[in-house]
Novice: 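Structure provided below as structure tokens; questions to follow.
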Amino acid sequence: MRDDLTNRSDGLEPGSWDPEKLIAEHYLGVWRYLKAIGCPIHLADDLAQETFVAVLRKPFELINPQSTSSYLRRVAFHLLLEYKRKFGSTGLTDQAEILDRYWTRWAGSDVSGDRVLDALGECFQRLTARAQKSLKMRFEERASREQIAADLQISQNGVKNLQQRAKAQLRQCLEEKLGAVDR
Amino acid sequence: MSSFEFENSKRPEDPVLDAMLDAMLGEWLGGEAHRGQGSSKAFDPGEMYRSVLKRSEASVFTAEQHAQAVSNAQRESLAEVLPKGLPEVVSETGQDRSHGAGARPHWRSAAIAASIAASIAVSIGGLSLIGRWVQRDLNKPVGVGQASLDGAPSSGPRVAEPKANASQGVVVVDSQSNTSQSLESQGLPEQGLSTRTDSVIADGGLDPSRREPMQDKLAVGRQTEGNQEQGGAQAPVQGEEMVLAWPSARGVSLGTLEDREIVSVIDSQFQQIWKSLGMPQSDMVSGGQASLKKRGLTADRISRLLLHRVATDSELEAIRLDKLSEDTSLERLVASWISSDEFDRVWSARLANFYMGGRIESSQQALVFREWLATLIRDDVPLEQVQRQVLLGLSQADHPAYFLVDYWSDRGDRWALRPNSPQVAWVGYGDSQVKRLEGLSQLFLTVTSNPAMVCTQCHGTEGTSAPSWFADRMAMGTGLVGSKSVDFDSIAALMVGIAQPGVSELFQRQQDDQVRKIAARFPDGKRVGSELSFEQAIDGWLEQGSHSQSGLLNALWRDFFGVGLESAFGLDGSVALEARRDLVGYLGKQIVERGAGLRRVVYWMLMSDLARQSEEPLTYAQYMVMDPQRLQDYLQRQEVFKSLVLDDSRSAVRDEAWLVGYASALFPEQAEGLERSFLAQPSNQVQGGSKRASSEGLVESKAVQWPRGLLRAELGYRVAGDRARRWAGLLSASELSQSALIDHVYLMTKHRFATAREIRAWSSTSWTKSERGSAILRLLMGVASIEP
């Protein structure tokens with residue numbers, strides 16, 4: 001199999017097809033995409049690798065990074081569907097298509113998905129200090145809701161509402177920044 | 001009401017997007033992966049590369065599943081670059097996939113041009129010329145960069161497209177052929193078909209409700225070889241997910257999305273036909289929710305369709321004893337049947353029958369040939385390749401198909417031109433050599449779906465000898481349009497090397513005594529260069545002139561349903577002729593483009609609603625009291641397969657006595673009431689005479705089915721289309737002798753001359769005493785209704 005994947009005598013133009021380079025350039029974008037459409041980390045790892053196994057088995061011509069990125073995302077998406085068919089969809093959202101649509105729109109022609117995270121960082125700065133702290137404690141420090149409530153001196157329900165409003169604001173902000181770019 | 005717009009949002013996807021935000025925040029804030037602010041996991045390209053290589057050795061997916069995902073992605077990538085001005089193409093799911101590679105300006109202009117072109121086409125009726133499947137059509141996927149959207153099928157050979165430019169998305173490289181192909185030449189991908197199918201829906205061509213998941217119709221699980229031998233009753237079920245695909249034990253997956261789409265097209269086409277005829281829809285299968293049994297696919301029926309026999313007691317008992325539901329048991333049984341050796345044997349016989357021109361042959365060589373075909377079926381060799389191997393085998397003495405040379409040469413004994421024929425025999429050829437070459441040429445034309453070309457042996461396509469009706473025939477779409485230079489002689493020149501090894505040229509002495517070399521030609525009329533091998537010539541013919549294997553497809557359809565989709569000479573009536581022809585074209589292209597083997601084609605037919613329609617047997621009592629209008633309606637229903645006409649005597653070897661009985665039942669023509677009387681005779685009367693009809697038989701015939709062929713002949717006669725009537729009129733106006741007329745009828749219906757036995761049988765009736773035109777039409781339908 002290793003030979004199959006690295007065999008260059010497949011009709012591709014020399015220099016145009018470099019599996020290692022392809023992976024280096026696009027792995028992160030595919031992984032982020034999979035995460036974005038609802039895959040847990042371990043599954044995103046698995047399916048990102050599977051995506052490259054699939055495309056390396058049937059090489060394609062590298063026209064430009066954008067079209068390649070788009071193509072790889074489609075392969076990844078269908079592998080996710082296949083995974084759900086094969087192993088069940090426990091823990092996976094059944095709204096992957098909606099997420100795919102949003103990620104595709106937000107990431108646009110960005111291969112790695114950095115643009116989305118950059119925009120997220122900018123939007124994050126627009127949140128109130130309390131909202132920022134709430135989210136940082138949750139995602140950075142892995143703090144429980146109870147801990148966050150105690151730190152912010154609000155109820156746990158208040159933490160929930162605060163984070164929901166913060167995420168709604170982030171959604172709108174991302175839409176404004178990214179949603180119309182490629183439309 | 002909040003002052004913040006985002007808090008007033010009631011979009012249903014917001015909760016879903018929250019999950020995405022969580023993932024993004026997890027990475028950005030939590031360093032879950034590669035770039036988070038506190039990331040502890042540095043992204044190492046080398047490591048990722050090694051991980052992928054390692055993954056390839058222990059993948060959770062099969063190579064086929066990988067290929068499927070890639071195929072789907074290819075199609076969707078293609079859809080992304082299609083013009084946005086054509087919503088039925090792009091916006092199937094309402095998704096905006098416009099993020100592509102900056103191709104929009106290019107496509108916008110293309111879309112405008114295409115829209116204008118479409119408007120013009122509509123205004124001049126061009127779409128009707130293109131046909132029902134015009135909408136980016138089901139016959140051919142829209143290629144990357146294809147500005148024209150008329151979807152007209154390509155008449156030329158499929159050629160690998162040049163690489164698309166950078167604005168046209170992903171170009172797939174076929175690593176097998178070392179060629180670069182656009183997506184257009186990758187075959188019709190599943191989602192692409194789905195997209196285009198929706199365009200058909202918009203045009204009323206495909207009812208969305210027909211697109212139910214295949215597993216709802218007939219879901220089966222994987223079978224093992226061992227289980228097949230036991231009728232599949234003990235086959236393990238590998239989870240419900242298995243119903244999504246039907247991996248047969250032979251290694252081919254049936255029930256894929258591609259299969260479902262194709263079946264849905266068949267269903268929709270017939271739904272439309274039935275609907276247009278005002279037939280009741282209530283008993284049609286829709287939605288796929290009913291159980292198999294309720295939908296008419298009983299074990300007996302499936303067994304008859306697949307194996308041409310009824311289910312055995314042990315098979316039925318296995319279903320009964322199975323702890324699973326009856327449907328599930330049946331599904332498993334079906335899976336075992338379709339992947340069984342018995343299926344291979346049965347259908348190899350049908351396939352051999354096609355190659356032998358409908359004649360039964362039991363020689364050792366014929367058996368070897370059938371066994372060889374069974375091997376090809378078992379290995380799921382694409383039908384196109386089967387055709388190719390058979391034709392190429394004609395030039396290899398040790399090939400199983402080589403026996404067809406002698407077989408068809410022997411059949412050529414009635415092909416020798418008569419002394420007063422306007423044609424002059426080939427130079428240097430004796431009678432036996434002429435017979436051999438003529439038989440071979442006829443075989444070639446039959447296999448490549450050009451039986452009408454045989455007519456050019458006597459009715460040349462050039463000069464004054466070409467009758468107008470033949471030119472019309474050529475223009476009807478099933479002949480070689482625009483290739484007048486291709487005639488029977490040019491085919492003979494192609495086959496001369498096989499008929500006479502070592503000989504490569506064929507000469508003809510013309511009427512002015514000049515000797516002229518006959519050129520072998522490709523379907524487009526171009527000469528076959530001497531530098532080309534026989535194999536290359538065959539490839540050219542199969543690609544250009546086989547009409548996407550429509551002849552073979554039609555033969556298989558007839559074997560399955562008892563009624564063909566299309567008759568070569570238009571003898572199949574006028575009901576929905578174009579729709580059926582469209583379907584032949586569509587399915588033929590699917591066979592070629594998807595590399596479908598016989599098993600897959602049979603699967604398409606089995607899964608279609610046609611296989612589920614309840615039979616409508618007509619009893620003697622019903623027939624006698626049926627008013628003419630109702631009878632006409634019934635005949636029309638029969639004609640468009642509202643009812644299956646399963647030939648329950650398809651395995652019977654018909655002898656001369658049977659044929660005499662059959663012919664005598666048709667002639668002499670009688671008054672309408674009396675016709676009904678003779679049709680009311682039990683079928684066993686015309687099946688060889690083992691059980692003669694009696695008055696008791698008529699009384700008991702309330703439960704007796706009609707003699708299938710006879711009823712079909714009757715309905716064909718009654719609802720004959722314009723073309724069939726025209727043929728009858730032409731033959732009637734000719735000065736052909738009685739035997740010559742019978743010959744012509746067999747040529748048009750069976751694509752061969754009548755045997756001496758057949759001429760005797762028909763001549764024994766008093767068919768010539770009837771009005772000539774009417775009698776010939778009845779003769780045409782009578783012969784056409786005999787299977788095979």
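All chains are named by letter (A, B, ...) in the order of the sequence lines, taking the proteins before the strands, and each is independently numbered beginning at 1. What you see is a predicted model; the values in this text were computed from it and never measured.
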Novice: Quick one: what part of A:I37 sits under 4.5 Å from any heavy atom of chain B, side chain, backbone, both or neither?
Specialist: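 The answer is neither part of A:I37.
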
Novice: Going by residue number, which parts of residues 119-130 of chain A are within reach of chain B, meaning a heavy-atom gap below 4.5 Å?
Specialist: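 At a heavy-atom separation under 4.5 Å, chain B is reached by A:L120, A:G121, A:F124, A:Q125.
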
Novice: For residues A:V75 and B:A69, report the shortest heavy-atom separation together with the two atoms involved.
Specialist: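 For A:V75 and B:A69, the tightest heavy-atom pair comes out as O-CB, 4.1 Å.
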
Novice: Under 3.5 Å, is there a donor-acceptor pair between the A:E50 and B:H66 side chains?
Specialist: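 Yes, side-chain donor-acceptor contact under 3.5 Å.
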
Novice: Would you mind checking which part of B:A63 comes under 4.5 Å of any heavy atom in chain A, side chain (CB onward), backbone (N, CA, C, O), both or neither?
Specialist: both

Novice: If I compare all heavy atoms of A:W103 with all of B:M20, which pair ends up nearest, and what's the gap?
Specialist: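 So the two residues come closest at N-CE, 3.8 Å.
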
Novice: Identify the heavy atoms of A:L79 and B:F61 that sit nearest to each other, and give their distance.
Specialist: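 Smallest interatomic distance, heavy atoms only, reads O-CZ, 3.4 Å.
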
Novice: For a quick test of reading the model, state the closest non-hydrogen atom pair linking B:A23 to A:K35 and the distance between them.
Specialist: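 Scanning both residues, the minimum pair turns out to be CB-O, 3.6 Å.
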
Novice: Shortest non-hydrogen contact from A:F52 to B:V52?
Specialist: CB-CG1, 3.7 Å

Novice: Below 4.5 Å from any heavy atom of chain B, which atoms of A:L47 appear? Answer side chain, backbone, both or neither.
Specialist: side chain

Novice: Starting at CG of B:L29, measure out to CE of A:M137 and round the result to the nearest 0.5 Å.
Specialist: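 Reported to 0.5 Å precision, the distance equals 13.0 Å.
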
Novice: So which heavy atom on A:K167 is nearest to which on B:L21, and how close?
Specialist: O-CD1, 3.2 Å

Novice: Is any side-chain heavy atom of B:M24 less than 4.5 Å from a side-chain heavy atom of A:L174?
Specialist: yes

Novice: Do A:Y71 and B:V70 pass the side-chain contact (heavy atoms from CB on, under 4.5 Å) test, and can you show the C-alpha distance, the side-chain angles, and the key distance before you say yes or no?
Specialist: CA-CA 9 Å; A:Y71 175 60; B:V70 166; 3.1 Å; yes

Novice: So do the side chains of B:L25 and A:L170 get within less than 4.5 Å of each other, counting heavy atoms only?
Specialist: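 Of all side-chain heavy-atom pairs linking A:L170 with B:L25, at least one is under 4.5 Å.
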
